[in-house]
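See structure below.
So that the names make sense, note that chain A is the first sequence line, chain B the second, and so on, each numbered from 1. Any value given below was found using the heavy atoms of this structure, including those in side chains, with hydrogens, waters and symmetry copies removed. Everything numeric in this text was worked out from a predicted model, so none of it was measured.
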Amino acid sequence: MLRRARYELAGRAAFPILTALEAWQHRLKRSRKQPGGGPFGPPLESVRRLKELMAHHYFQGRYADGAVPVAWVTSGFPVEVLRALGFHTVYPENHAALCGVQRLTPEYSDVAEAAGYSRDLCSYVRTDLGSVLSSKTPVGRLPRPQLLACCTNICQTVLYWYRELSRHLGVPLVLVDTPFVHGTASAHQLAYVKEQLEELCLVAGRVSGKPLDAERLVEVTRTAREGSRLWGECLAASRARPAPWTGIDGFFHIAPIVALRGTEACNGYYRLLRDELEDRVARGVGGLKEEKHRLLWDNLPVWFAVRRFSTLLAERGFNFVSTSYTDAWAEAGVGIDPDDPIGSAARTYTHVILNQDLPNRLDILRRLSRDYAVDGAILHSDRSCKPYSIGQVDLRERLAAELGIRVLLLEADHNDPRSWAAEPGENRLAAFMEGFE
Amino acid sequence: MKAPARGAVTGVAIGVDVGSTSCKAVLVDGAGRIVGRRLEPAHPRVEEQTGRLVAALVAEAGVEVPVGATGYGRKRVAAARVLTEITCHARGAHALHGGGGLLVDMGGQDTKVIAIGPAGDVTDFAMNDKCAAGTGRFLEVILARLQVPLDEVAGYAARAGAPVTVSSTCTVFAESEVISLVAEGRPAEGIVRGLHLALASRVAALARGRPGTGPVLLSGGVALNAAMVTALAEALGRPVRVLPEPQLVGALGAALSVLERIP
């Protein structure tokens with residue numbers, strides 16, 4: 001009871017005081033900055049609210065232990081069930097990305113590697129296991145889970161990752177196994193996933209100490225679908241020329257739809273962001289001061305170098321106006337249906353980009369290239385994400401031949417700077433840009 | 001040699017190519033021909049070295065001329081125009097060859113396959129990844145281990161019977177593999193030939209998906225190695241044309257690119 005009150009208080013009282021303090025610091029910093037410098041357009045006003053939202057999520061999480069049930073969840077997991085049961089969810093992938101941006105991966109990975117985990121493993125996995133084994137985190141403290149929830153629709157690695165978490169933390173693991181889809185999923189494949197979701201409702205209900213309320217699940221599903229739709233509207237604003245924000249902004253703004261999907265807080269934020277973006281479009285305000293070339297990005301961001309890339313590109317008038325990564329959360333989520341929460345979740349979560357064959361991925365890239373009128377594409381060949389990177393040589397050739405655009409295959413890693421050769425990599429990026437001039 | 005198609009070359013210019021192993025500078029005349037040249041091992045003090053080379057070429061020209069820079073050290077050169085070596089090799093090769101085509105540049109630190117359009121523009125390119133396998137450095141390291149002088153490499157490869165397979169693609173591991181092969185009594189000639197075939201097959205893999213019918217153009221220091229030219233032609237299944245003064249192609253491109261900017 002006391003813990004629950006502390007958890008609620010962390011969200012309602014203590015946190016606003018901290019954010020007010022941060023806002024004051026922000027104003028102070030801005031007043032010291034020279035205006036008009038750099039290649040970027042005016043910063044988004046919503047960014048501050050985003051920081052508050054995510055800081056609030058992690059801050060409240062510190063007090064979740066014993067107050068509410070806690071689950072650690074993969075990004076592609078059908079979270080609506082857990083949300084309806086009142087779980088506080090932690091996304092190790094989102095947390096790992098946060099560590100990646102702060103360049104903490106080498107330090108955490110060293111801990112994981114010393115414990116015997118191979119450096120060939122995904123850098124999210126090494127970041128997370130290193131964080132768990134060393135109890136280090138940039139967010140103060142992560143709440144301990146009562147349940148680990150893993151869905152194989154983004155890769156098979158998550159299964160082994162979560163098994164290891166289960167072993168280290170001594171908590172149960174619930175798995176939703178989604179068969180890989182060639183074309184469209186067959187009826188028996190969907191029935192297989194649906195059965196697992198039904199079992200999930202029971203298991204998660206048992207862990208949370210209360211049965212699943214069907215009404216609440218309908219409500220959460222409606223909220224989650226609305227969140228995906230709103231996120232899609234934010235992304236679609238970049239069809240305008242100039243795009244009102246940069247693709248790199250999009251990488252950071254993805255956090256709520258990943259970590260807070262199915263909550264009103266997530267939707268409220270995206271309404272604010274969408275309105276700001278649409279207003280910028282109406283006023284002709286761009287993410288860059290001068291948008292000369294429009295690019296598509298495929299695969300995860302290179303978190304530790306995201307600002308560096310953004311600046312290198314922006315200095316020469318290049319903007320990512322669309323990314324298959326941010327689009328994935330807009331595409332998939334709108335398929336869930338409050339009238340059939342479980343059946344539609346089975347279908348939706350089975351048909352995410354990484355669980356489908358190469359022709360489907362080519363279709364997505366082709367469609368995004370046309371919808372956003374891009375002049376070129378960068379396919380990030382991510383050492384840490386094999387499912388996303390496999391087939392990119394063929395994708396590159398097909399995109400270049402069919403759409404007549406320039407396509408670059410860029411070798412990097414989403415979280416581990418030790419797998420990124422900055423000089424040759426940036427040289428490649430520069431040569432790619434020179435080709436447009 | 002045909003005049004470059006990309007812009008009217010109306011004056012003289014200097015091009016500097018600061019590579020990982022050597023530093024090159026050329027002076028070109030109004031027709032885009034190389035009329036002065038300097039080539040030295042690359043020095044860590046890029047500003048000092050390039051300043052000295054440029055001053056020597058300016059003295060040859062008799063007047064101040066604009067400078068274009070390329071290569072890994074390009075940002076440290078006082079130049080009117082700075083471009084990557086990918087763009088500059090394409091410009092240089094286009095001028096020397098008199099048209100577009102597929103260019104392989106084998107340098108000290110990396111190997112590039114560049115598709116050049118009819119106007120001398122880069123239509124596509126691919127490079128070796130982060131590791132040094134497939135580069136001039138790879139050959140340098142292993143040949144030093146075998147104590148084969150660079151000017152005798154072609155003879156070694158030609159004398160070889162069956163090539164000895166070197167399976168490792170990592171320069172460091174390949175070096176230890178070669179030590180084992182030598183210890184097993186395998187002939188140096190066969191190892192040298194095996195190395196060239198391994199390297200050529202890596203380049204051929206980079207050229208995958210970039211078909212063409214004409215000769216493949218070759219630039220970079222490795223192009224001076226006749227054994228490599230033979231191995232490449234074999235791996236690519238196409239004739240290979242070594243561009244004149246292959247080490248200077250990037251510097252030539254840098255000089256030509258600066259002239260494009262002069263009205």
Quiz prompt | A/Leu408 portion near chain B, given a 4.5 angstrom heavy-atom threshold | solution = side chain
Quiz item: So with a 6.0 Å cut-off around CD1 of A/Ile390, is the heavy-atom count from everything else above 12?
Solution: no
Quiz item: Of all heavy-atom pairs between B/Thr87 and A/Ala431, which one has the smallest distance, and what is that distance?
Solution: OG1-O, 4.5 Å
Exercise. Flag yes if more than 12 heavy atoms outside B/Arg45 fall under 6.0 Å of its CZ atom; otherwise flag no.
Key: no
Practice problem: Please tell me if the side chains of A/Arg428 and B/Asp110 come closer than 4.5 Å, counting only heavy atoms from C-beta onward. | Solution: no
Quiz item: Has A/Arg119 got more than 12 heavy atoms of other residues, nucleotides or ligands less than 6.0 Å from its CZ?
Solution: yes
Quiz item: For B/Arg76, does the CZ atom sit with more than 12 other heavy atoms under 6.0 Å from it, leaving out its own atoms?
Solution: no
Practice problem: Taking the side chain as every heavy atom from C-beta outward, state whether A/Arg396 and B/Asp124 have any atom pair closer than 4.5 Å. | Solution: yes
Quiz item: If you draw a 6.0 Å radius around CZ in A/Arg316, do more than 12 non-hydrogen atoms from other residues or ligands fall strictly inside?
Solution: yes
Practice problem: Find the distance between CZ (B/Arg74) and CG (A/Asn427) and round it off to the nearest 0.5 Å. | Solution: 4.5 Å
Exercise. Find the one option among B/Leu83, B/Thr123, B/Ile86 whose heavy-atom pairs under 4.5 Å with chain A are most numerous.
Key: B/Leu83
Quiz item: chain B heavy atoms under 4.5 Å from A/Glu423: which part of the residue, side chain, backbone, both or neither?
Solution: both
Quiz item: So does A/Arg239 have more than 12 non-hydrogen atoms from other groups sitting under 6.0 Å from CZ?
Solution: yes
Quiz prompt | Gap between atom CD of A/Glu434 and atom CG of B/Asp121 - 0.5 Å precision | solution = 12.5 Å
